[in-house]
Amino acid sequence: MTVQTDLVIVGGGPAGLSAAIYAARFRLDTVVVAQEPGGTLAKTHLVENWPGEKSISGADLMSKILEHAESSGAKIEYDLVKSAEKKGAVFSCELDSGEKIESKAIILATGSKPRKLGAPGEDEFFGKGVSYCAVCDGMFFKDKTVAVLGGSDSAAKAAIYLADIAKEVYVIYRREKIRAEPINLERLESKKNVTIITKTNVTGIMGENLVKSLKLDNKYKGSDSLSVDGVFVEIGHEPQSELARELGAKLSENGEVITGPHGKTNIDGLFCAGDLCAGSFKQAITAAAAGANAADSVYSFLSGNEVKTSL
């Protein structure tokens with residue numbers, strides 16, 4: 001079965017759903033394809049920097065945005081885009097279900113995925129003590145000892161969340177100082193069951209059926225082994241740019257899509273928004289704004305009023 005539409009939006013996070021809201025308001029026939037609408041933000045414990053919401057869980061915020069997108073008229077397909085191509089002026093997306101969608105334009109808002117540590121034992125113990133989502137898996141470690149690897153704001157927030165569940169939390173970071181936002185660093189340092197270990201790398205994850213310990217490259221309390229029940233890897237994300245590459249979009253050295261004003265790529269009719277795109281400040285609100293801008297660009301493109309730029 002082949003469906004024809006004006007616009008396909010791939011991705012259901014803040015960028016994709018915000019784009020859907022605006023595209024629907026522009027009266028574009030819009031289909032959003034996402035396996036799990038909500039994106040990474042839906043797995044965030046608390047969001048405290050979204051205007052109008054002093055504090056809200058990521059899942060609740062994304063539920064509101066999804067409801068808004070659907071009420072605006074966007075259609076949501078709970079599926080995966082396996083491949084995409086452009087033939088002439090038409091884009092064709094093949095879904096995992098076997099369905100095909102043809103469109104006049106595409107917005108890619110596929111976001112990013114957690115970066116792996118690359119240490120021995122990481123893959124072996126995934127789901128058996130190794131996790132990339134504290135909110136998803138934290139409750140499995142109630143009253144146990146866990147480690148959070150990384151020194152970013154995300155790592156700090158994961159450790160803060162886990163400190164209220166686990167008996168003991170270690171934050172292990174390779175550099176000298178944690179790079180969290182000041183407010184989150186203060187919260188982290190106030191937790192009495194959190195220990196921060198800096199200038200240290202985890203070089204191995206050991207266990208039997210489950211994680212039992214971490215191997216360190218710098219001794220802690222005289223030992224290069226640290227006993228833990230679980231380890232949460234929070235060392236950044238990598239762009240999910242496979243479809244963008246497949247469609248011929250220009251990518252940066254680290255795989256992010258290079259865009260011009262309002263999400264325009266080097267391919268006519270292909271626009272990108274959110275964490276997938278090159279840029280240093282990646283927040284839910286900037287992703288949402290990028291999605292809105294990309295939808296406006298699509299409207300101009302389909303109306304023949306697009307401002308031409310070169311990439």
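Side chains are part of it too, since the values below use all heavy atoms of this structure and drop only hydrogens, waters and symmetry mates. As the structure is a computational prediction, the values presented were derived from the model and not from experiment.
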Quiz item: Going through the checks in order, is the side chain to side chain contact (heavy atoms under 4.5 Å, CB included) test met by L216 and V202?
Solution: CA-CA 5 Å; L216 311 177; V202 170; 4.0 Å; yes
Self-check item: E67 atom CD: more than 12 heavy-atom contacts under 6.0 Å
Solution: no
Quiz item: With a cut-off of 6.0 Å (strictly less than), are more than 12 heavy atoms of other residues, nucleotides or ligands near CZ of F141?
Solution: yes
Self-check item: T195 side, atom OG1; I172 side, atom CD1 - distance, nearest 0.5 Å
Solution: 10.0 Å
Quiz item: Hey, is K116 close enough to D123 for a salt bridge, meaning N to O under 4.0 Å?
Solution: yes
Exercise. State the CG-CG distance between L243 and L80, to the nearest 0.5 angstrom.
Key: 8.0 Å
Quiz item: Does the distance from a Lys or Arg side-chain N to an Asp or Glu carboxylate O, for K87 and E85, drop under 4.0 Å?
Solution: yes
Quiz item: Where do D268 and F301 land on the side chain to side chain contact (heavy atoms under 4.5 Å, CB included) test, with the steps shown first?
Solution: CA-CA 9 Å; D268 285 343; F301 171 73; 4.3 Å; yes
Quiz item: Below 4.5 Å, heavy atoms only, C-beta onward: do E48 and K157 meet side chain to side chain?
Solution: no
Quiz item: If you round to the nearest 0.5 Å, how far is CD1 of I101 from CE of M1?
Solution: 9.0 Å
Self-check item: Donor-acceptor under 3.5 Å (N266 side chain, K250 main chain)
Solution: yes
Exercise. Drop me the distance from F271's CZ to L7's CG, to the nearest 0.5 angstrom.
Key: 9.0 Å
Quiz item: Using 4.0 Å as the upper bound for N to carboxylate O, is an ion pair formed by D29 and K75?
Solution: yes
